Amino acid sequence: MSPEAHSAPRSLAEALRARDDSSLAALLRSRPDLVTPVPTDLTQLATRAGTRASVLRALERLDRFALQTAEALAVAPDPASYDTLLGLMAGDAGDPAVAGALPRALGTLREQALVWGGDDRLRLVRTAREVLAPSPQHPSPTGLGPTVREATSGMSPGRIQEIVTTAGLPSTHDSVSAVTALTALFTHRKKLARLLGQAPEAAREVLSRLVWGPPYGQVTADPAAHLRWLLDRGLLLPTAPGTVVLPREVALHLRAGRAHRAAEPLPPAVTPAATHSARVVDATAAGQAYTALATVEELLKEWDEGGPAVLRAGGLSVRDLKRTAVALDVSEPVAAFWVELAYAAGLIATDGEADERYAATPAYDEWLEQPPAERWVRLAQAWLAATRTPGLVGGRDAKDRTLSALGPGLDRSAAPEVRHRVLSLLAGLGPGAAPDAESVLARLRWERPLQGGRRDDEEDLRSRLARWTLSEAELLGLTGRGALSSHGRALLGAPPAADPGSSTAGAPGAGSSTAGGGHGADAAPADAAPADATGTGAPGRPVSGGPGDKLPVHRQRVPDRLAPPSGPEQAVAGAAAARLLAPLLPEPLDHVLLQADLTAVAPGPLRRPLADMLGVLADVESKGGATVYRFTPASVRRALDAGRTAADLHAFLTEHSRTPVPQPLAYLIDDVARRHGRLRVGAASAYVRCDDDALLNEILADKRAAALRLRRLAPTVLAAPADPATLLEGLRAMGYAPAAESAEGDVLIARAHAHRTPPRTAPEPVPEGPPPPDATLLAAAIRAIRAGDLAATTPRKPVGEPLAGGELPRTSSAETLATVQAAVLTGDSLWIGYVNAEGAASQRVISPVRVEGGFVTAYDHTADEVRTYPLHRITGVAELAED
């Protein structure tokens with residue numbers, strides 16, 4: 001190993017340069033924004049890693065203890081040693097849990113390039129320090145204030161000397177040495193303790209109120225004696241007229257060295273609220289899964305001939321959502337969930353017509369033909385991946401507009417991650433264990449805390465997403481009685497639930513440390529502690545939170561995150577879930593029980609042809625374990641309008657009833673059929689034709705027919721200015737049973753016309769940021785960054801007059817050609833500047849092979865391939881140094 005490898009890095013770029021490929025891959029995987037687009041070299045990667053937007057995004061994905069570690073580094077000297085950091089986190093008394101977890105947290109910060117340097121010179125990235133360090137505008141989460149040097153920066157030299165003298169220190173000749181002496185006093189525990197021992201009781205009470213923050217207080221122009229005592233000795237320093245602050249060094253002394261009131265090195269455990277039999281959980285979840293399928297089918301059947309109109313701004317109107325809720329017999333928030341679920345699965349969409357409406361898609365017909373378990377898997381996987389959030393329906397957006405179902409503004413990019421996280425926490429509990437909701441929320445808040453309390457709205461959103469996940473998973477049948485089912489576990493790609501007595505069932509208090517086993521990096525336990533970015537942990541300290549933990553740096557993630565299956569893994573997980581669910585779903589029945597009160601009872605789910613026909617012949621009266629259908633004159637007429645005859649209906653009921661057809665039902669069918677079609681309605685605008693002129697006389701004499709404005713054209717024909725549909729409805733309202741006829745005089749069969757949209761794809765989830773790069777992209781990116789860094793850092797001989805900033809010198813065309821030709825003969829490598837056809841400039845290291853026709857053919861070390869470059873696009877050339 002070269003001596004340079006042992007020297008301390010002087011910048012983040014040098015620290016990144018010392019990393020191996022696996023460590024760089026871990027950085028790019030944890031911060032995917034750094035690889036879009038691929039940096040040209042490690043210096044550009046370090047610059048991008050220090051930008052404010054990227055740093056904020058990285059800080060937001062830290063767990064609470066890693067964030068507390070970063071906050072402690074922000075108030076520590078720059079640079080700080082590991083021991084200084086440990087003292088700030090564990091305090092003077094020490095804390096074994098903090099000491100054990102600190103290497104993991106520091107390794108996380110190093111992996112994500114938020115901290116660099118050895119254990120004796122830890123440096124927080126400058127942007128992160130600016131974000132987390134205390135300031136009057138953005139108080140630190142630690143509650144600490146500015147240092148003595150920062151608080152006295154605008155104070156007059158005379159006043160500083162007065163404070164130094166009153167504090168018992170010798171006066172100095174300048175303000176800098178005076179501030180240094182005061183800082184030394186406040187950081188010396190024994191001396192400061194003696195000084196504070198002389199303070200009045202009221203003064204110590206004031207300090208106790210400021211010690212944990214906020215460190216600022218108000219004083220009058222003539223402060224009380226105990227306040228004057230503190231001000232005279234610099235224990236309180238003025239920052240503005242009437243405002244004083246407790247210096248950071250004094251606060252740390254009063255806190256016994258701790259930067260935080262309570263460090264949280266371990267995640268809170270997810271505790272079970274109840275435990276049920278695994279068989280009961282699976283049966284309950286399967287029953288709800290069947291209900292979910294039936295509800296979506298019923299929704300799409302309601303919209304089969306064309307659903308509600310699309311609002312001008314997009315989405316369903318409040319009225320249409322209420323109608324849908326009534327039709328499904330659910331509350332409006334639940335109806336919004338089912339509508340959004342069908343939309344996410346690609347089963348409904350807008351039809352794109354001028355009078356735009358929602359309707360089923362062709363994919364709905366394909367979905368109906370699949371086995372029930374596979375249909376459920378499609379719904380569940382669509383829900384897991386969807387960024388649309390039904391729980392927001394009815395709320396307000398940033399412009400105070402109401403958020404509507406199927407409308408814009410419902411996408412929340414964090415939704416899929418929260419859903420997977422909540423369910424993976426459930427997977428970490430024992431089989432049949434239903435979690436306490438508050439413990440789940442506490443765990444999520446530990447894993448993604450808020451920076452400085454500046455984003456309460458997003459914390460509230462994540463909490464609400466978690467609550468919605470628990471309720472929606474129950475509605476969908478992923479959970480039963482609050483516990484994750486076996487088919488839900490399989491859908492997540494989690495291993496099967498272990499026996500309660502098995503060691504893999506999860507240790508008490510471990511939360512979900514076993515969740516996501518078998519998923520590599522995303523299943524890292526909470527106490528896993530990777531090595532630091534340079535491959536070395538703290539000297540003499542374990543890099544693991546527990547015995548046997550040997551996770552490499554590139555496997556560090558948010559604790560025990562269960563990665564969502566994707567691609568082939570998703571198909572395998574879906575197939576496994578379908579196999580587990582299929583035996584638990586009820587078998588469809590081919591019979592009903594007819595009763596004398598004109599009702600039919602379906603004791604279970606019906607086969608689709610039977611259910612479809614019964615839905616035309618009768619009206620659903622009640623749902624539940626058994627569905628009750630009621631036969632009415634209108635429902636029988638509906639079946640006759642659909643082209644069925646009385647004989648067809650009698651045969652259908654006889655075939656599918658386990659009980660004899662009741663006489664009242666047979667009489668109802670015959671009576672409606674006898675009167676059906678005696679009147680014929682056609683287009684005149686509309687006419688009524690009947691062979692019985694007495695019946696037409698009866699209609700004309702009826703006062704209820706006045707609104708139809710009928711007039712006799714012939715003894716058997718009446719005409720009306722209304723359209724045929726209006727005339728049909730009017731006569732039926734009067735108690736008649738007319739039938740529509742065609743222009744040829746044939747009876748029109750009123751079968752339902754299924755309205756379908758053109759082929760539509762399911763809505764794409766809105767990502768939270770750049771997607772994590774896959775292994776292929778990572779390998780290519782690291783290779784390009786290494787090659788670009790080689791071109792940028794390779795020593796080279798000076799040629800001509802170098803430009804400012806060490807840029808490549810501009811050599812003339814003759815010098816460029818001569819140098820390249822010489823390199824072909826000698827086999828040497830060259831450093832060139834090159835501008836491509838788009839005008840993008842880059843640096844490259846090449847080994848010329850041939851020069852002819854104004855082109856140079858060379859092996860490009862940057863791209864690791866042979867390329868041809870036009871000589872006129874080479875801006876400059878230099879030989880590499882011999883060393």
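Worth saying up front: this structure is predicted, and the values here are computed from it rather than measured. Throughout, numbering of the chain's residues begins at 1 and tracks the sequence.
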Inset, instruction - Starting from the C-alpha separation in whole Å, work towards a yes-or-no answer on side-chain contact (heavy atoms from CB on, under 4.5 Å) for R189 and D92. - result: CA-CA 11 Å; R189 294 302 177 85; D92 296 341; 2.2 Å; yes
Inset, instruction - Verify side-chain contact (heavy atoms from CB on, under 4.5 Å) between L73 and L88, making sure each step is shown before the conclusion. - result: CA-CA 9 Å; L73 280 172; L88 288 171; over 6 Å; no
Inset, instruction - Kindly determine whether F186 and R248 satisfy side-chain contact (heavy atoms from CB on, under 4.5 Å), including the steps that lead there. - result: CA-CA 9 Å; F186 289 168; R248 186 184 306 171; over 6 Å; no
Inset, instruction - With side-chain contact (heavy atoms from CB on, under 4.5 Å) as the test, would you mind laying out the steps for I163 and R233 before giving the verdict? - result: CA-CA 5 Å; I163 293 175; R233 289 156 181 79; 5.6 Å; no
Inset, instruction - Quick one: do T187 and E249 satisfy side-chain hydrogen bond (donor to acceptor under 3.5 Å, both in side chains)? Show the steps, please. - result: CA-CA 6 Å; T187 54; E249 294 85 351; over 6 Å; no
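Residues R52 and V55 are not in side-chain contact: their nearest non-hydrogen atoms beyond the backbone lie 4.5 Å or more apart. When side chains are defined from C-beta on, L192 counts as touching L235, because their heavy atoms get closer than 4.5 Å. At least one side-chain heavy atom of V75 sits less than 4.5 Å from a side-chain heavy atom of P134. Contact annotation: the side chain of R467 approaches that of L441 to within less than 4.5 Å [non-hydrogen atoms, C-beta and beyond]. Within the 4.5 Å cutoff, the side chain of R464 has heavy atoms near those of the L392 side chain. Contact annotation: the side chain of P435 approaches that of L429 to within less than 4.5 Å [non-hydrogen atoms, C-beta and beyond]. Here the side chains of V250 and L236 are not in contact, with every heavy-atom distance at 4.5 Å or above. Two residues are said to be in side-chain contact when any heavy atoms from C-beta on lie closer than 4.5 Å; D83 and D119 fail this criterion.
Between R209 and E205 there is a salt bridge, with a side-chain nitrogen of the basic residue lying less than 4.0 Å from a carboxylate oxygen of the acidic one. Salt bridge annotation for E60-R57: absent, with no cationic side-chain nitrogen under 4.0 angstrom from a carboxylate oxygen. Between D63 and R104, at least one side-chain N (NZ, or NE/NH1/NH2) sits under 4.0 Å from a carboxylate O, which counts as a salt bridge.
Scanning all heavy atoms of the two residues, the minimum distance from H260 to A72 falls at CE1-N, 4.2 Å. Contact detail for A70 and L109: the closest heavy-atom pair is N-CD1, 3.8 Å. Looking at every heavy atom in both residues, P247 comes nearest to G234 through CG-O, 3.5 Å. In this structure, R149 and V179 approach most closely via the heavy-atom pair CA-CG1, 3.7 Å. Listed here is the closest heavy atom pair of L195 and A167: CD1-O, 4.4 Å. The shortest heavy-atom contact between G391 and W468 is O-CZ2, 3.4 Å.
Side-chain contact check for T172 and Q161: at least one donor-acceptor pair (N or O, by modelled atom type) lies under 3.5 Å. Of the N and O atoms on the side chains of R48 and T51, not one donor lies less than 3.5 Å from an acceptor on the other residue. Between the side chains of D33 and S54, at least one donor N or O lies within less than 3.5 Å of an accepting N or O. Between the side chains of S30 and Q112, no donor-acceptor pair is found at a separation under 3.5 Å. Side-chain N/O atoms of T84 and S81 include a donor and acceptor closer than 3.5 Å. Inspection of the T166 and D232 side chains reveals no N or O donor paired with an N or O acceptor under 3.5 Å.
R255 places a side-chain N or O within donor-acceptor distance of the main-chain N or O of V211, the cut-off being under 3.5 Å. A donor-acceptor distance shorter than 3.5 angstrom exists from the side chain of T152 to the backbone of V148, with no hydrogens or angles considered. A donor-acceptor pair under 3.5 Å is formed between the side chain of Q68 and the backbone N or O of E264. Remark: side-chain polar atoms of E14 are paired, donor with acceptor, to backbone N or O of R10 under 3.5 angstrom. The main-chain N or O of G409 is found under 3.5 Å from a side-chain atom of R412 such that the two form a donor-acceptor pair. Side-chain atoms of T165 never come within 3.5 Å of backbone atoms of S171 as a donor-acceptor pair (strictly under, hydrogens ignored). A donor-acceptor contact shorter than 3.5 Å is absent between the side chain of R64 and the backbone of P449. Of the possible donor and acceptor atoms, none in the side chain of R462 sits under 3.5 Å from a partner among the backbone N and O of L444. Side-chain N or O atoms of S135 include one that pairs as donor or acceptor with a backbone N or O of H138 at under 3.5 Å. Judged by distance alone, with hydrogens and angles left aside, the side-chain atoms of R129 form no donor-acceptor pair with the main-chain N or O of E71 at under 3.5 Å.
Annotation: the span from L102 atom CG to F65 atom CZ amounts to 5.0 Å, rounded to 0.5 Å. With values rounded to the nearest 0.5 angstrom, R31 atom CZ is found 11.5 Å from R61 atom CZ. Separation of atoms CG (L124) and CG (L132) is listed at 6.5 Å; rounding is to 0.5 Å. Taken to the nearest 0.5 Å, the CG atom of L246 stands 6.5 Å off from the CG atom of L254. Atom CG in L207 sits 6.5 Å away from atom CG in L196 (nearest 0.5 Å). Taking CG of L470 as the start and CG of L423 as the end, the distance is 8.0 Å to the nearest 0.5 Å.
With sequence neighbours excluded, the residues forming a side chain to side chain donor-acceptor pair (under 3.5 Å) with R159 are E162, listed by chain and number.
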